[in-house]
Each structure stands twice: as C-alpha cells, then as structure tokens.
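Note that the structure is predicted; figures quoted are calculated from it, not measured.
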Amino acid sequence: SKGYWQIPMREEDKVVMQIIAEIMEVNDADMTPDLTLFDLGADELDMVDINLALEQAMDVQFDDSTLLINPEKEQSFTVQDVINFASDYY
C-alpha cells in the first residue's frame with residue numbers, strides 16, 4: 001500500500017509514534033499512521049497516558065480534550081489523528 005511512507009516523516013511525528021508504541025507496548029516497526037488506537041488495544045486510561053506523555057515530551061499543555069477519548073467508542077481514531085493533533089503544538 002502506497003501512501004504514508006512515500007512522504008518522509010518529520011522527526012516530531014516519529015516521536016509521537018514512539019510514545020504511542022511505548023505506552024501500548026507495540027514494536028516501533030509495527031506502528032503505522034493508519035492504525036487505529038482501538039486496533040492497538042488502547043482504552044481510556046491509555047489515552048490519558050498518551051496525552052500526558054506527549055505533553056511532557058513536547059513541553060506543552062494541550063488546551064482541549066481531543067486525545068481524552070475512549071477508543072472503544074471512537075474506533076476510527078488513528079495514530080495519524082494523534083499526529084495531526086500534536087502537530088498543532090510543535
């Protein structure tokens with residue numbers, strides 16, 4: 001499948017993916033932007049952890065609750081959605 005990997009990823013995007021991979025205990029190599037957080041087995045607590053880890057890594061305070069979702073309800077929320085959200089802050 002063509003797409004994401006034709007565009008070189010920014011370092012910041014890679015950091016976002018590494019943080020998600022670490023919290024979800026997934027191999028970095030298995031992470032792709034089109035994976036959903038539901039596919040990764042994330043729940044609401046994982047999203048809180050991801051939110052906090054990103055805030056710490058980026059030294060920001062997110063001003064909305066975009067990432068504080070329940071992936072079991074928002075099954076189409078992807079890693080790319082997290083990257084897009086975070087990119088507003090770097």
Side-chain angles (χ1 to χ4, degrees):
S1 69
K2 293 181 181 174
Y4 291 113
W5 301 116
Q6 291 180 312
I7 304 163
M9 291 197 81
R10 294 182 298 180
E11 281 308 307
E12 295 90 346
D13 297 348
K14 290 179 188 168
V15 169
V16 171
M17 289 180 58
Q18 286 168 342
I19 286 170
I20 296 170
E22 196 171 304
I23 289 170
M24 296 314 305
E25 299 178 355
V26 177
N27 190 319
D28 277 4
D30 296 332
M31 287 289 290
T32 60
D34 57 336
L35 275 174
T36 69
L37 281 294
F38 180 75
D39 290 337
L40 293 171
D43 61 20
E44 288 172 280
L45 284 174
D46 293 317
M47 296 309 295
V48 170
D49 288 345
I50 289 167
N51 190 77
L52 290 171
L54 286 172
E55 286 183 334
Q56 285 182 337
M58 297 165 61
D59 196 26
V60 296
Q61 183 79 46
F62 297 141
D63 55 15
D64 70 29
S65 56
T66 299
L67 296 183
L68 300 179
I69 61 158
N70 180 350
E72 292 164 351
K73 292 195 177 117
E74 309 277 343
Q75 291 191 7
S76 60
F77 198 81
T78 65
V79 171
Q80 185 64 50
D81 290 328
V82 179
I83 290 170
N84 293 347
F85 171 76
S87 69
D88 288 344
Y89 293 84
Y90 52 69

*So does D30 have more than 12 non-hydrogen atoms from other groups sitting under 6.0 Å from CG?*
yes

*side chain to side chain donor-acceptor pair (under 3.5 Å) partners for D64, two or more places apart*: T66

*ring-ring contact (aromatic ring centres under 6.0 Å, His included): which pairs involve residues 8-50, sequence neighbours left out?*
none

*If only atom types and distance count, is the side chain of Q75 paired as donor or acceptor with the main-chain N or O of E72 below 3.5 Å?*
yes

*asked:* Test of understanding: with side chain to side chain donor-acceptor pair (under 3.5 Å), list the residues that count as partners of Q56, not counting sequence neighbours.
replied: none

*asked:* Restricting to non-hydrogen atoms, name the atom on M31 and the atom on M17 that form the minimum distance, rounded to 0.1 Å.
replied: O-CE, 3.4 Å

Would you be so kind as to tabulate the donor-acceptor pairs closer than 3.5 Å made by side chains of residues 18-25, with sequence neighbours excluded?
none

Table please: side-chain donor-acceptor pairs of residues 46-54 below 3.5 Å, with sequence neighbours left out.
residue, atom, partner, partner atom, Å
D46, OD2, D43, N, 3.0

Distance-only check: which donor-acceptor pairs under 3.5 Å involve side-chain atoms of residues 83-90, not counting sequence neighbours?
residue, atom, partner, partner atom, Å
N84, OD1, Q80, NE2, 2.7
N84, ND2, Q80, O, 3.4
S87, OG, N84, O, 2.7
Y89, OH, D63, N, 3.2
Y89, OH, D63, OD1, 2.7
Y90, OH, D13, OD1, 2.3

*Evaluate the side-chain proximity of V82 to L37: yes if any heavy-atom separation is below 4.5 Å, no if none is.*
yes

*Is there any ring-ring contact (aromatic ring centres under 6.0 Å, His included) pair reaching into residues 8-34, and which pairs are they, with sequence neighbours excluded?*
none

*What is the distance from atom CG of L68 to atom CG of N70, rounded to the nearest 0.5 Å?*
11.5 Å

